[in-house]
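Here's the structure, in structure tokens; my notes come after.
Below, read A as the first sequence line, B as the second, and so on, with proteins coming before strands; counting in each chain starts at 1.
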Amino acid sequence: MTLAKLIDELNPQQKRAATTTAQNCLVLAGAGCGKTKTIVARAAYLIDKGLPAQQIQILTFTRRAASEIVTRVEQHMGVQAKGLRASTFHTFCIYLLRRNPKVFGLTQFSIIDRDDQLLMFRLLRGKDKGNVLPKAAELCDLYSYARNTKTKLSEALVEQLPQAIEYKTQIAELMKAYEQRKQERNFLDYDDILAIVAVHLQNSPELVNWVTGFCSALLVDEMQDTNPLQWALLQPLIGKVKLFCVGDDAQSIYGFRGADFENIHHFKECVPDAEVLTLEMNYRSTQGILDLSNWLLQQSPIEYGKHLQAYRGQGLKPQLHILSNEFEEANWIIQDLNQRHSQGAAWAEHMVLLRSGFSGRYLEGALIAANIPYRFIGGVKLLESAHVKDVLSLLRVSVNPQDDLAWMRFLTLWDGVGDVGASKLAQELIQLPDIEARCQRLERHGKVPQQAILILMQLDVLQQHVEACIGLALDALNEQLENNYKTKDWSRRVKDFDLVKQLARKHSSLGEFLEEYVLDPISVSEIDKTPDQDLVTLITIHSAKGAEQKVCYVPHVSPTQYPHARAQGDFDDVEEERRVLYVALTRAENELILTKQNLNLWSHDQYDELGRKIESYFLNDLPQDLVDIRIHRDIPRAYGQASRSRSTAISLGFGIDLD
DNA sequence: CAAACACTGGTTTTT
DNA sequence: CCAGTGTTTG
């Protein structure tokens, strides 16, 4: 396909955006209005106008979105697209840091994930009993929020943890200690990655020149989800690069990470000479789906000024199925999937949108039982599961001997070593000058087997052979891990190690391998699947932006879920929840199927399990003509029968019976 | 005194 | 389902 053909497929608004000559441009586009298509066309257009592909940097929120865009540009531009970079903000920054560490004041560093952060905060905070300080997770989120929003601790406290304001001094001390520890160990957390680059760009015109030397066009996807830290990163480059951003305020769902959709309303004030364009025609969904989505948004006190209009006509009305519990919900979805599949639909035409990774548990079980192939994007991450981290700890200490967290993990695996002893020994080990000294110290300690120590030595020289390293690490740990996990699904866990080896094959150094998956962890159920396999997709709504599918299921559309119980009572949080649901609804192309598990149709005057009044529920006052509602009641089953939902539909006073 | 063991409760969302 | 806690054991 050629550029002409690509541009030809665009509508006049999209075409205007893709071919703009403005230095800076913001495209405001509703869901399904062709944002990705416009970015792809923009990249292709720039290349066609003579800008080398390696001068273009596309910034997206996920690795999936990035590779999709690259693939599509390649389809259109062939070899001319070679060198096009698309990555997340974090991966882009790492790319800069690795390419020129010295100018950022770095030599060697390791990236730590949230688990490591939690561990550090837990250690610094001390035991729980009688401890009035916020929990490790709260501290971690608070710290990250303050950095991402570039606010003072006191302000972040008011926003995020008002109940802990009185402990501000102690919290400040904890955070200081956390930062100091990070520095001593050459650790970078997720926020450091962005912050270091942002600060150095701000202070060094030479650095800006260096970056703009190989980055003359920046294309930013999902602009509504960028936070002040990410803005700070872009700021020094404004005016020096071509900036092209796309976004939708109604799909802003990363407020918890400091994103503020008001940013895009103020785009013109922050970016001089910016052109702001809008895309209004929706090509993804049929009107019935958009009617429900539009209604949801109109219920909001926030004025989004959006009314999605379908290009494709009226289509089918969304369905709402009411079942008695989570089991029945999952079983009903399985039944419906099976029925569609037997009528010739591919599994891959179906997507299930989930509020949390956790909320897919029943459905996942039911899919396995029913033998339906699926992948779960956003589910349990392979390299975050405990047993895989155990193995990785060995590799981590090999890459960065200063990594005391990894040392502790490795040491506590062995019998006779607990966290106290491990902590002491780890502090000693990171002081030692070389691998020989460390191994000698380990031998003297006596609790770590000879074989494991020997393998540690071997790893040191084998870093380029990632798969071999993992094989060795497994040799060292297998017996011990089997013992550690014998009561905890060992047989299931062993299988994951093959997947890890499989992943490792693609990487040329241990450090690179570890880094890649800290920045973008991969789901267990996703890992050995190829893109062309016929699979049902389970996906968290936060990972689903930009995704679309013919038939979409949105389970658990129940009171206390939308909005989530934790958001109740907070205006901004509730409205963000509304946008989360909005994003879910607007993924569907042809059919949208909601299920909920509360037989009480509405939540007026309802109370949750803790007796709190449910103040808001988005489906209260749902107009009767927007959805077809069916209530399913269980028929008692015979004992021992596999769970199977045979449900009867009873006609409610409104809506139609689909039978 | 430190570590293994058994138990329980509580889980949004992501880089 | 797993991390954090309290209890028992070495």
(request) Could you work out which one of C:dC2, B:dT13, B:dT15 sits closest to the side chain of A:Ser356? (result) B:dT13
(request) Could you tell me whether A:Gly357 contacts a base, only the sugar-phosphate backbone, or nothing, with contacts defined as non-hydrogen atoms closer than 4.0 Å? (result) sugar-phosphate
(request) Starting from P on B:dT14, measure out to CD on A:Glu222 and report it in whole angstrom. (result) 14 Å
(request) Using heavy atoms to find the nearest nucleotide of DNA chain B for A:Asp573 and A:Leu519 separately, return the residue whose nucleotide is more 5′. (result) A:Asp573
(message) With the six-membered base ring of B:dT14 as reference, does the ring of A:Phe256 sit under 5.5 Å away with planes under 30° apart?
(response) no
(message) Tell me the interatomic distance from A:Leu425, atom CG, to B:dA2, atom C1', rounded to whole angstroms.
(response) 15 Å
(request) Answer with base, sugar-phosphate or nothing: what part of the nucleic acid does A:Arg493 contact at a heavy-atom distance below 4.0 Å? (result) sugar-phosphate
(message) Hydrogens and angles aside, do A:Gln57 and A:Ser87 bring a side-chain donor and acceptor to less than 3.5 Å of each other?
(response) yes
(message) If the cut-off is 4.0 Å, is A:Ser543 near the phosphate of B:dT14, judged by side-chain N/O to OP1 or OP2?
(response) yes
(request) Identify which nucleotide among B:dT11, B:dT15, B:dT13 has an atom closest to any side-chain atom of A:Thr540, counting heavy atoms from C-beta outward. (result) B:dT13
(request) Only stems of 3 or more consecutive Watson-Crick or G-U pairs count here, both distances under 3.5 Å; name the ones for DNA chain B, or none. (result) B:1-10 with C:1-10
(request) Tell me which nucleotide among B:dT15, B:dT11, C:dC2 gets nearest to the side chain of A:Phe358. (result) B:dT11
(message) Between P on B:dT14 and OH on A:Tyr145, what's the gap in Å once rounded to a whole number?
(response) 18 Å
(message) Rounded to whole Å, how long is the line connecting atom CG of A:Leu194 with atom P of B:dT14?
(response) 17 Å
(request) Please report, rounded to the nearest Å, how far the P atom of B:dT14 is from the CG atom of A:Asn148. (result) 15 Å
(request) Send over the distance from A:Phe376 CZ to B:dT13 C1', rounded to a whole Å. (result) 12 Å
(message) Testing A:Arg181, A:Arg185, A:Arg396, A:Lys182 one by one against A:Asp403 for a salt bridge (charged side-chain N to carboxylate O under 4.0 Å, His left out), which residue passes?
(response) A:Arg396
(message) For a quick test of reading the model, state the closest non-hydrogen atom pair linking A:Thr88 to A:Leu59 and the distance between them.
(response) O-CD2, 4.0 Å
(request) Take the protein atom CG of A:Asp113 and the nucleotide atom C1' of B:dT14, then report the distance between them rounded to whole Å. (result) 12 Å
(request) Would you list the pairs meeting salt bridge (Lys or Arg N to Asp or Glu O under 4.0 Å) in which at least one residue belongs to residues 553-565 of chain A, sequence neighbours left out? (result) none
(message) So, applying side chain to side chain contact (heavy atoms under 4.5 Å, CB included) with A:Arg147, which one of A:Asn227, A:Leu194, A:Asp191, A:Leu142 is it?
(response) A:Asp191
(message) Does A:Glu577 reach a base, just sugar-phosphate, or nothing at all? Heavy atoms under 4.0 Å.
(response) base
(request) Kindly state whether the ring of A:Tyr254 and the ring of A:Phe256 have centres lying under 6.0 angstrom apart. (result) yes
(request) Take the protein atom CG of A:Leu119 and the nucleotide atom C1' of C:dC2, then report the distance between them rounded to whole Å. (result) 15 Å
Using distance only, find each side-chain donor-acceptor pair of residues 407-414 of chain A under 3.5 Å and give its atom names and separation, not counting sequence neighbours.
| unit_1 | atom_1 | unit_2 | atom_2 | d |
| --- | --- | --- | --- | --- |
| A:Trp407 | NE1 | A:Pro401 | O | 2.9 |
| A:Arg409 | NE | A:Asp390 | OD1 | 2.8 |
| A:Arg409 | NH2 | A:Ala386 | O | 3.1 |
| A:Arg409 | NH2 | A:Asp390 | OD1 | 3.1 |
| A:Thr412 | OG1 | A:Met408 | O | 2.7 |
| A:Thr412 | OG1 | A:Arg409 | O | 3.2 |
| A:Trp414 | NE1 | A:Phe410 | O | 3.2 |

